[in-house]
Amino acid sequence: MMVVLSTYLTADGQSYYTSKGNTNKCNECCRGIPGVQGMPGLHGQPGTRGMDGHKGETGSKGDKGSEGMIGAPGATGPVGPKGERGRKGSKGPQGPQGKPGLKGDPGTRGYAGSKGEKGEKGDQGAQPPKIAFSASRSTKLGPVLQDTAVTFDRVHLNLGESFDPYTSHFICKHNGTYLFTTHILGQNKIDAYAWMMVNKNHKLPLHGDGRAGYGTGSNTIILELTVDEHVWVQLSKDSALMNDYSSFSGHILFDE
């Protein structure tokens, strides 16, 4: 049987044979030795763009993704327009009482009313306690070398026992308003300076001028006193008093 062989060269430089006739046996025994690899060819020109394909079918919904992190707060937006006024709400509970307001200006005086009928006589009001005293000196005093309490050894009246005859202090036993009077007579040509004292405080001065020979001084004071306060007379340094012309008296006007 006759076999015809044909030789071909591939793009990579290898050769192969084809035969006419019984090709199976020829390919098994007649294949030549591969040739040397040829040089790569140049790139061809880009082909023309193909036509757009048809739109594919919608895919199935994917699984829900995990929750993302909270982003940073955004910038404050501009103030929106004022909304419409809402409906009036129900009355709330009463709040606590506020502080008293400022006193208002006096109003205009009204017309005088008609005279009312005479009322019944009321009960007698409470009377102040009976407190009164009066005392004077019987001997001379001074000139003294320092400020000295004046003692009054002749006690003419001591209602309520508020005048202490040993210290010549009036000692308050009832809160109230009191009136006190003091008179002094200085020795011949010697000034007499004295003070009406409340506790340790100088309250009212007295002066007997020695240029008049026997100078005199008098004074009266009204005081509000509380229990255990003292009222007394003090003679100033270098002053001098005569005897029974110097006196100290007082009484209550009304208690609290």
Side-chain angles (χ1 to χ4, degrees), residues 106 118-256:
K118 184 176 181 180
E120 297 180 0
K121 184 176 181 180
D123 298 333
Q124 183 176 358
Q127 298 296 313
K130 293 182 178 180
I131 300 175
F133 75 96
S134 181
S136 61
R137 285 190 59 82
S138 62
T139 59
K140 295 180 179 180
L141 177 63
V144 295
L145 301 179
Q146 61 185 4
D147 295 347
T148 303
V150 179
T151 55
F152 299 91
D153 56 319
R154 289 181 177 175
V155 179
H156 307 293
L157 179 68
N158 192 11
L159 290 177
E161 301 296 329
S162 294
F163 181 77
D164 183 359
Y166 299 100
T167 62
S168 293
H169 284 205
F170 173 83
I171 303 173
C172 181
K173 295 182 179 180
H174 296 276
N175 297 344
T177 303
Y178 293 81
L179 180 146
F180 298 93
T181 299
T182 301
H183 178 81
I184 59 173
L185 173 65
Q187 294 181 19
N188 188 25
K189 297 182 180 180
I190 300 177
D191 286 335
Y193 291 97
W195 284 88
M196 294 184 70
M197 307 285 291
V198 177
N199 302 321
K200 296 181 179 181
N201 301 316
H202 297 73
K203 279 293 182 180
L204 196 66
L206 300 96
H207 177 215
D209 194 344
R211 293 176 298 178
Y214 295 91
T216 62
S218 298
N219 227 327
T220 300
I221 190 171
I222 297 176
L223 299 169
E224 283 188 348
L225 300 177
T226 56
V227 173
D228 291 335
E229 288 195 293
H230 288 221
V231 180
W232 49 288
V233 181
Q234 176 178 277
L235 188 64
S236 299
K237 179 182 177 181
D238 298 328
S239 296
L241 297 181
M242 286 295 289
N243 46 15
D244 53 357
Y245 288 93
S246 298
S247 62
F248 180 35
S249 303
H251 64 91
I252 190 170
L253 296 176
F254 43 86
D255 60 355
E256 288 187 354

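All values reported here derive from a predicted model rather than from experimental measurement.
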Any side-chain heavy-atom pair from [X] and [Y] closer than 4.5 angstrom?
X      : Y      : value
Met242 : Tyr214 : yes
Thr216 : Ile184 : no
Phe180 : Val233 : no

Can you name the closest pair of heavy atoms from [X] and [Y] and give their distance?
X      : Y      : answer
Ala192 : Gly186 : CB-CA, 3.8 Å
Asn219 : Pro205 : ND2-O, 3.0 Å
Ser168 : Thr151 : OG-CA, 3.2 Å

Who are the side chain to side chain contact (heavy atoms under 4.5 Å, CB included) partners of [X], not counting sequence neighbours?
X      : answer
His230 : His169, Ile171, Asn199, Trp232
Ile190 : Pro143, Gln187, Ala240
Lys189 : none

Just by distance, do the side chain of Ser246 and the backbone of Leu185 share a donor-acceptor pair under 3.5 Å?
->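 Between the backbone of Leu185 and the side chain of Ser246 there is a qualifying donor-acceptor contact (under 3.5 Å).
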Which residues share a side-chain hydrogen bond (donor to acceptor under 3.5 Å, both in side chains) with [X], sequence neighbours left out:
X      : result
Ser236 : none
Thr148 : none
Ser136 : His156
Asp153 : Ser138

Salt bridge (charged side-chain N to carboxylate O under 4.0 Å, His left out) pairs, two or more places apart, involving [range]:
range            : answer
residues 154-168 : Arg154-Asp244
residues 127-150 : none
residues 210-220 : Asp209-Arg211
residues 227-238 : none

Interatomic spacing from [atom1] in [X] to [atom2] in [Y] - rounded to 0.5 Å:
X      : Y      : atom1 : atom2 : answer
Trp195 : Leu235 : CH2   : CG    : 13.0 Å
Ile131 : Ile252 : CD1   : CD1   : 4.5 Å
Gln146 : Gln234 : CD    : CD    : 9.5 Å
Phe170 : Met196 : CZ    : CE    : 11.0 Å

Any side-chain hydrogen bond (donor to acceptor under 3.5 Å, both in side chains) involving residues 172-184? Give me the pairs, sequence neighbours left out, ordered by first then second residue.
->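 Output for this query lists Thr181-Thr220, His183-Ser218.
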Centroid-to-centroid, Phe163 to Phe152, below 6.0 Å?
->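 Between Phe163 and Phe152, the centre distance exceeds or equals 6.0 Å.
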